[in-house]
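To start, the structure under review is shown below, and the notes come after it.
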Amino acid sequence: MTDTSTAEGEKTRPAADRGGPGTPAARRWPRSRHGTRPDVVPVRHWGRTAGAVVVVLVLLGMLYGLATNPNLKWSVVGEYLFNGDVLNGLLQTLEMTVVAMVFALALAVVIGVMRTSQSKVISGFAAGWVFLFRGVPLIVLLIFIGNLGLFFKKITVGIPFTSLDLWSAPVGSVVTPFVASVIGLAAAGSGYMAEIVRAGLLSVGRGQHEAAKALGLDTGRTLRHVVLPQALRIIIPPLGNEFIGMLKASAIVSVIAGGDLLTVTQGLSSVNFRTIEMLMVATIWYLLVIVVYSVAQFYLERRTAER
């Protein structure tokens, strides 16, 4: 009786079993150039390719229409793009957006924490705040705050229920268009951001709270050192979108002459009668700022993402 090894068995196996040339296995799985593994032919997505071609053609058509439109004077756009008044309006817009975002975020953290409180009074107040400032349109809120002087003549700080005043000033000298714009943007933004903060806080498991309590941490230190650092990973991406939304919403303060970029370009258009060109100037600057901020947001999200 003859005993053959595995290697010898491979050599003596029929070609049809080994998948040699001309065999059914070879016809089913074509060999690659190196003869080591079958070639894989990718699936062709003709619909995807056709859709991409249509999108590119539409985009090129829109750009060509803008570039060759005789009613749109690009020379005027280039002339006013770096105009001193326009740059001052851009700076005012950025300052307004950053200040409003800081106040809105501080309010959102407080309101978001209050929303998770076990006290019905505290959580009810926070829910009412969110309902009010998410429900009132921003333009209505800005007009109302910008016209506070119609309701109140003075802003007074004193001891309640007494006639003792510690500080007093006319409303018009305190609530300037810039201040009214910041208050309106911050109040409106805090309603949305509070829900983002609350969602981030609720995303941290109860086990983290229990572990912190077992280590002897009180509620405040648990929130600062355990819950908030973990919630930031959930909170930061939507807050970045809120900043972009607030930057665009800052254009609405033009209804109270807030001194923003759109207010300035509208003022210039009333002088040179080139409304569309001035709107293009404002649009270009808004897009440039959003591009720069989006890059910064991308790297910030990478740093805070879970490894």
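Numbers here simply count residues along the sequence, with the first being 1.
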Under the criterion side chain to side chain contact (heavy atoms under 4.5 Å, CB included), I'd like the reasoning laid out for E277 against W74: C-alpha separation, chi angles, the key distance, then a yes or no. CA-CA 7 Å; E277 286 80 358; W74 286 102; over 6 Å; no
Can you list the steps and then say if L217 with V226 is a side chain to side chain contact (heavy atoms under 4.5 Å, CB included)? CA-CA 10 Å; L217 298 180; V226 178; 4.0 Å; yes
Test log, rule side chain to side chain contact (heavy atoms under 4.5 Å, CB included), inputs Q266 and S254: CA-CA 9 Å; Q266 284 181 331; S254 60; 3.8 Å; yes
Stepwise side chain to side chain contact (heavy atoms under 4.5 Å, CB included) check, M280 with R274: CA-CA 10 Å; M280 290 297 297; R274 306 304 303 184; over 6 Å; no
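With values rounded to the nearest 0.5 angstrom, T93 atom OG1 is found 8.5 Å from L262 atom CG. Atoms CG and OG1, on L247 and T97 in that order, are 4.5 Å from each other to the nearest 0.5 Å. One distance of note links OH of Y286 with CG of L90; it measures 8.5 Å at 0.5 Å rounding. Here the CG-CE distance, from L105 to M246, works out to 9.5 Å after rounding to the nearest 0.5 Å. Note that CZ of F144 is 13.0 Å distant from CD1 of I256, once rounded to the nearest 0.5 Å. In this structure, OG in S269 is found 9.5 Å from CZ in F273, a value given to the nearest 0.5 Å.
In this structure, the side chains of V197 and I111 stay at 4.5 Å or more apart for every pair of heavy atoms. Side-chain contact between F178 and V182 is present, with heavy atoms from C-beta onward closer than 4.5 Å. Looking at heavy atoms from C-beta onward, K73 lies out of side-chain contact with E79 at the 4.5 angstrom threshold. Counting only heavy atoms from C-beta outward, the side chains of L300 and I236 approach each other to under 4.5 Å. Using a 4.5 Å heavy-atom cutoff, the side chains of Q92 and L261 are not in contact. A 4.5 Å side-chain heavy-atom check between V253 and P177 finds every atom pair outside the cut-off. With a 4.5 Å cut-off on side-chain heavy atoms, V175 and I155 count as touching.
Sorted by first and then second residue, the salt bridge (charged side-chain N to carboxylate O under 4.0 Å, His left out) pairs involving residues 238-265 (not counting sequence neighbours) form an empty list. For residues 172-198, the set of pairs meeting the side chain to side chain donor-acceptor pair (under 3.5 Å) definition, not counting sequence neighbours, comprises R115-E195, W129-S190, E195-R198.
Minimum interatomic distance between I234 and S203 (heavy atoms only, all atoms of both residues): CG1-OG, 3.5 Å. Across every non-hydrogen atom of A188 and L138, the tightest pair is CB-CD1, 3.8 Å. Taking every heavy atom of both residues into account, V130 and G191 meet most closely at CG1-O, 3.6 Å. Here the shortest heavy-atom pairing between V171 and G149 reads CG1-N, 3.8 Å. The nearest pair of heavy atoms linking V113 to T116 is O-OG1, 2.7 Å. Closest approach of A100 and A186 over heavy atoms only: O-CB, 3.6 Å.
Connection of W46 to V55 is not established within any shared hydrophobic cluster, with ILVMFWY side chains joined at heavy-atom distances below 4.5 Å, either directly or through further cluster members. There is no path of hydrophobic side-chain contacts, each under 4.5 Å, that joins L287 to L63. Side-chain heavy atoms closer than 4.5 Å link hydrophobic residues (I, L, V, M, F, W, Y) into clusters, and following such links, possibly through other members, connects L141 to V179. Hydrophobic clustering (side-chain heavy atoms under 4.5 Å, transitive across Ile, Leu, Val, Met, Phe, Trp, Tyr) keeps F82 apart from V292. Cluster annotation: L91 is not connected to M96 through the hydrophobic network of ILVMFWY side chains, with a link wherever side-chain heavy atoms come within less than 4.5 Å.
In this view, Q297 and N241, I244, Y293, E301 satisfy the side-chain contact (heavy atoms from CB on, under 4.5 Å) rule, not counting sequence neighbours. Taking T156 as the reference, K154, D165, S168 meet the side-chain contact (heavy atoms from CB on, under 4.5 Å) condition, with sequence neighbours excluded. Residues passing the side-chain contact (heavy atoms from CB on, under 4.5 Å) test with N83 are Y80, D85, V86, L268, sequence neighbours excluded. Take L81 and apply the side-chain contact (heavy atoms from CB on, under 4.5 Å) test, not counting sequence neighbours, and it matches V281, I284, W285.
Around CZ of F103, the count of heavy atoms belonging to other residues, nucleotides or ligands within 6.0 Å does not exceed 12.
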